[in-house]
Amino acid sequence: VEKAAFAGIVTGYEDGTFRPDSSITRAEAVTMLNRLLSRVPTDNNAESFRDIDSHWAKAQITAASNTAEKDGTVMWTTEKKNQFDMYMQYRYSLANTAYKLNTEKKLNVAFIGGSVTAGAGASLADKTSWRARTVEWFRRSYPNCEINQVNAAIGDSYTKYAVYRMDADLLAYDYDLVFVEYAINDSSWYSAESDMETIVYFETLIRRIYEHNPNADIVIVYTIDDKLDRTLPYFSTAAAQEKIAKLYDIPSVNFGRALANYIGDNGYKWADYFSDYVHPNDVGYTYYAAVLTEYLENALNRAENPSALVSKVLPEPSTKKLWYNLTMLEAKEIDLSESKNWALSDDGKYIVPTSDDNELVLKTVGTDLCIAAPRADVMEYSIDGGEVKTMSMNRKPQTLGKNMADGEHVLKIHA
């Protein structure tokens, strides 16, 4: 009942009740079916049944019992009334996505983001997350199309990390439609030092996605947590990313806010929809997917099917600080020949100290130096023989050196 109400299929009675024990009437049944099928009655004087002239559901019954047009009168349309329209910015058309679906019959859907995109909190991340439900919606809505998924989401990551790893995790694959989710993890209380820093990394990510495939479509999505002030349409980091969305004419869907408002407006409990303060449970992910798939249905219905793919024309960058000349070394690519008591793990994913008496020596070229590791302990490090400092390791890239002279640098780490 609640999901149907959230989707606008049922609205209850004027006194706010639902009356689940009452028998459903034919008028109520056809009204719900019309809404489910996006069949919208038109304002017309067509005669249908003599006994419903003064009935509240006359328009719904007339629409349900007639073809779209009868004797020159339009009886109903399939223009959908948007339940979540206030949470969507349609902007640039999904025309290329429509072309891939309708003409080429194949679509590669990519997702890049943090833990909410990865599916943390879902009982089965690849079945019940918003990501998985979105892929399933495409397969169900376009049964004659080949729908492939590229999952480039990593928990606890943010846009700066995405810019480093996008070559290996996203650009190495074919993609036609990319969903980007980083607003929560880019927030200053999670990762980024400022909204301006967020804009630099976020714009770099967006430009590189388009530059690698000018025919790609992008959709930005915003999640939410229970600590955020909801007096403004977008919290600070989402507002910063919206600036880039507007500049590049990219559609966005604020499904986190849609669900949070639904919970708050109806006096429901956060715990009924979220496994913690930020990660939805299966029910919450259902709602995220409901908002997003409404956008997709409307956007694809609006999109004109072009005769060929149309390349994206990029605007001038909003900043000169874009991060392009980046190199990310995976563990197996690191030269350990000058290090002491460090070795590659058996699975080839990490380098690990093999003794307390250890020193990791890394040589690199550039102006900034970042490191990420799945360790929860404290390490000591120095750059170019300078002051020994400490860092608390985690999966987020930590900047150890910034705005250094452009040249070779030597990083030494003791764990």
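Side chain of R257 to main chain of R230: a donor-acceptor pair is present (N/O by atom type, distance under 3.5 Å, no hydrogens or angles). Side chain of S339 to backbone of V361: a donor-acceptor contact under 3.5 angstrom is found. A donor-acceptor contact shorter than 3.5 Å links the side chain of T354 to the backbone of N341. Proximity of a side-chain donor or acceptor of W76 to a complementary backbone N or O of T62 within less than 3.5 Å is not detected. Side chain of R39 to main chain of N34: no donor-acceptor pair is present (N/O by atom type, distance under 3.5 Å, no hydrogens or angles). A donor-acceptor pair under 3.5 Å is formed between the side chain of D225 and the backbone N or O of K227. Side-chain N or O atoms of T31 include none that pairs as donor or acceptor with a backbone N or O of Q60 at under 3.5 Å. A donor-acceptor contact shorter than 3.5 Å is absent between the side chain of H414 and the backbone of M379. In this structure, the side chain of N301 does not engage the main chain of A299 through any donor-acceptor pair within 3.5 Å. Without hydrogens or angle criteria, Q149 side chain to V135 main chain gives no donor-acceptor distance under 3.5 Å.
In terms of heavy atoms, H409 sits closest to I383 at CB-CG2, 4.5 Å. Across every non-hydrogen atom of I209 and Y175, the tightest pair is O-OH, 2.7 Å. Counting all heavy atoms, side chain and backbone alike, L360 lies closest to W342 at N-NE1, 3.4 Å. Taking every heavy atom of both residues into account, A118 and G155 meet most closely at CB-N, 4.5 Å. For the residue pair L171 and H212, the shortest heavy atom distance occurs at O-NE2, 2.9 Å. Looking at every heavy atom in both residues, A153 comes nearest to T117 through CB-CG2, 3.6 Å.
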Output, in order, the C-alpha distance, side-chain angles, deciding distance and verdict of side chain to side chain contact (heavy atoms under 4.5 Å, CB included) for D368 and M404. CA-CA 6 Å; D368 291 54; M404 300 182 296; 5.8 Å; no
Evaluate side-chain hydrogen bond (donor to acceptor under 3.5 Å, both in side chains) for S318 paired with E203, printing each intermediate quantity in order. CA-CA 8 Å; S318 67; E203 185 172 10; 2.4 Å; yes
Please walk me through it: do S157 and R165 pass side chain to side chain contact (heavy atoms under 4.5 Å, CB included)? CA-CA 10 Å; S157 66; R165 66 182 182 84; 3.9 Å; yes
Can F138 and L101 be said to form a side chain to side chain contact (heavy atoms under 4.5 Å, CB included), step by step? CA-CA 9 Å; F138 274 110; L101 289 167; 4.1 Å; yes
Give the C-alpha distance, both sets of side-chain angles, the deciding distance and a yes or no for salt bridge (Lys or Arg N to Asp or Glu O under 4.0 Å) between K312 and D217. CA-CA 9 Å; K312 179 76 170 181; D217 286 332; over 6 Å; no
Walk me through it: do Y90 and N298 pass the test side-chain hydrogen bond (donor to acceptor under 3.5 Å, both in side chains)? CA-CA 9 Å; Y90 284 89; N298 290 344; 3.2 Å; yes
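Heavy-atom neighbours of R19 CZ from other residues, nucleotides or ligands within 6.0 Å: above the threshold of 12. Atom CG of N44 has more than 12 heavy atoms from other residues, nucleotides or ligands within 6.0 Å. Counting non-hydrogen atoms of other residues, nucleotides and ligands closer than 6.0 Å to CG of N266 gives a total above 12. By the 6.0 Å contact criterion, CG on N45 is open, its count of non-hydrogen atoms from other residues, nucleotides or ligands being 12 or less. Under a cut-off of 6.0 angstrom, the local environment of CG in D265 is crowded, with over 12 non-hydrogen atoms contributed by other residues, nucleotides or ligands. Taking a 6.0 Å sphere around NZ of K349, one finds it holds 12 or fewer heavy atoms contributed by other residues, nucleotides or ligands. Open room surrounds NZ on K412; 12 or fewer heavy atoms of other groups in view lie less than 6.0 Å from it. Other residues, nucleotides and ligands contribute more than 12 heavy atoms inside 6.0 Å of the CG atom of D53.
Rounding to the nearest 0.5 Å places CG of L228 at 11.0 Å from CG of L232. Distance check, rounded to the nearest 0.5 Å: OG1 of T237 to CD1 of I184 gives 7.5 Å. Here S129 contributes atom OG and E136 contributes atom CD; the two are 11.5 Å apart, rounded to the nearest 0.5 Å. How far CZ of R133 is from OG1 of T286: 3.5 Å, rounded to the nearest 0.5 Å. Atom-to-atom distance recorded for Y381:OH and I413:CD1 is 9.5 Å, nearest 0.5 angstrom. The OG1 atom of T204 lies 8.0 Å from the CG atom of L326; values are rounded to the nearest 0.5 Å.
The side-chain heavy atoms of D169 and I112, taken from C-beta on, include no pair separated by under 4.5 Å. F179 has its side chain within reach of L292: a pair of non-hydrogen atoms, C-beta onward, lies under 4.5 Å apart. Using a 4.5 Å heavy-atom threshold, the side chains of L94 and L296 count as touching. Between V180 and T159, every side-chain heavy-atom pair lies at or beyond the 4.5 Å cut-off. A 4.5 Å side-chain heavy-atom check between L107 and T97 finds at least one atom pair inside the cut-off. Contact of the L411 side chain with the T364 side chain is not registered, since no non-hydrogen atoms from C-beta on lie closer than 4.5 Å. Under the 4.5 Å side-chain criterion, counting only non-hydrogen atoms from C-beta, M32 is in contact with V10. Taking 4.5 Å as the limit, some side-chain heavy atom of V310 sits within range of a side-chain heavy atom of N96.
Paired with R91 under the rule side-chain contact (heavy atoms from CB on, under 4.5 Å), one option of I250, I220, D249 passes, and it is D249. Exactly one of I224, V221, T134 qualifies for a side-chain contact (heavy atoms from CB on, under 4.5 Å) with Y288. That residue is I224. Among the candidates Y222, F255, W137, the single residue satisfying the ring pair (Phe, Tyr, Trp, His ring centres under 6.0 Å) test with W130 is F255.
Side-chain contact annotation: Y13 with E28, donor-acceptor N/O pair under 3.5 Å present. Counted by atom type alone, N261 and Y87 present one or more donor-acceptor pairs between their side chains at under 3.5 Å. No donor-acceptor contact under 3.5 angstrom links the side chains of R131 and Y285, judged on distance only. Side chains of E304 and S93: no donor on one and acceptor on the other come within 3.5 Å.
The six-membered or imidazole ring of Y268 lies near that of Y262, with a centre-to-centre distance under 6.0 Å.
A salt bridge is defined here as a Lys NZ or Arg NE, NH1 or NH2 lying under 4.0 Å from an Asp or Glu carboxylate O, and D186 with K160 fails to meet this definition.
Relative orientation of the W323 and Y201 rings is perpendicular, given thresholds of 30° and 60° on the angle between their planes. Using the six-membered ring where Trp is involved, W270 and F274 have ring planes that are parallel, under 30° apart on the 30 and 60° scheme.
Partners of N148 under the side chain to side chain contact (heavy atoms under 4.5 Å, CB included) rule, at least two apart in sequence or in another chain, are K106, N108, E146.
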